[in-house]
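For reference, the structure discussed in these notes is given below.
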Amino acid sequence: MTIRMHFSMDDLARVRLAKGPEPMWEVLLSLHKLRDRDGAFVFDEWRRRVRAHLPAKDSWLLRLAPPHGYSPDFLTPAAGGVDLDQALENVLVTPRRRLRADLGKLAIRQPLDGMALAVADGHAEALRQLGTTIRDYFRVGLAQYWQRISAAIHA
């Protein structure tokens, strides 16, 4: 599939580039990559390492980010953040109605489990656990590559 986008001069004048990698976008896209089979030569070793070190209790995070189709928009807030702490804070203050709407869209394609339902309801403990789970995933899946990711984006 090819997507073609046409920008006017006004559109181009409004384009802004990120100052660095957006942690939540890197989390989301890496979760997609963890579950698909594309790029085996480049990603299979990383996939094996992450799967081996990701705690089983954190596997519910994978279901929030299916490799194809919709992923909840609240996971990549517009405010973003150049570091994980700021980015997570922006995710965790998402209004309940937005959590419910985003996870409702996801539920159309796949049933939600207990933790995702609790996040959709905005339960404080579920949101705290979401933050902890994302932080654990970042540590296992992205932290050791963060300098390379940053360098590639800055280049």
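- Taking 4.5 Å as the limit, every side-chain heavy atom of Phe138 sits out of range of all side-chain heavy atoms of Leu88.
- Counting only heavy atoms from C-beta outward, the side chains of Ile108 and Tyr70 never approach each other to under 4.5 Å.
- Interatomic distance, Met24 CE to Ile134 CD1, rounded to the nearest 0.5 Å: 3.5 Å.
- Annotation: side chain of Val119 is not in contact with side chain of Gln129 (no heavy-atom distance under 4.5 Å).
- For Tyr145 and Ser30, the side-chain atoms include no donor-acceptor pair closer than 3.5 Å.
- Residues that satisfy the side-chain hydrogen bond (donor to acceptor under 3.5 Å, both in side chains) test with Glu26, not counting sequence neighbours, are absent from this structure.
- Among all heavy-atom pairs drawn from Leu106 and Pro72, the shortest one is CD2-CG, 4.0 Å.
- Rounding to the nearest 0.5 Å places CE of Met115 at 11.0 Å from CG of Leu61.
- Proximity of a side-chain donor or acceptor of Trp46 to a complementary backbone N or O of Gly141 within less than 3.5 Å is detected.
- A donor-acceptor pair shorter than 3.5 Å cannot be found between the side chains of Thr133 and Asp136.
- What you find for Ala116 and Leu103 is that their closest heavy atoms are O-CD1, 3.6 Å.
- Side-chain contact between Asp121 and Arg100 is present, with at least one heavy-atom pair separated by less than 4.5 Å.
- Annotation for Ile153 and Gly20: closest pair CG2-C, 3.9 Å, computed over non-hydrogen atoms.
- With contacts defined as side-chain heavy-atom distances shorter than 4.5 Å, the pair Gln110/Pro66 qualifies.
- Among all heavy-atom pairs drawn from Phe74 and Leu130, the shortest one is CE1-CD2, 3.9 Å.
- Not one N or O on the side chain of Arg135 forms a donor-acceptor pair closer than 3.5 Å with the backbone of Asp85.
- Arg98 approaches Asp73 most closely through the heavy-atom pair NH2-CB, 3.1 Å.
- A donor-acceptor pair under 3.5 Å links the side-chain atoms of Arg47 to the main chain of Lys33, judged by distance alone.
- Residues Leu75 and Val27 form no side-chain contact, since every pair of their non-hydrogen atoms from C-beta on lies 4.5 Å or further apart.
- The main-chain N or O of Pro67 is never found under 3.5 Å from a side-chain atom of Arg35 such that the two would form a donor-acceptor pair.
- The closest side-chain heavy-atom distance from Leu99 to Leu127 is below 4.5 Å.
- The nearest pair of heavy atoms linking Leu54 to Asp58 is CD1-CB, 4.1 Å.
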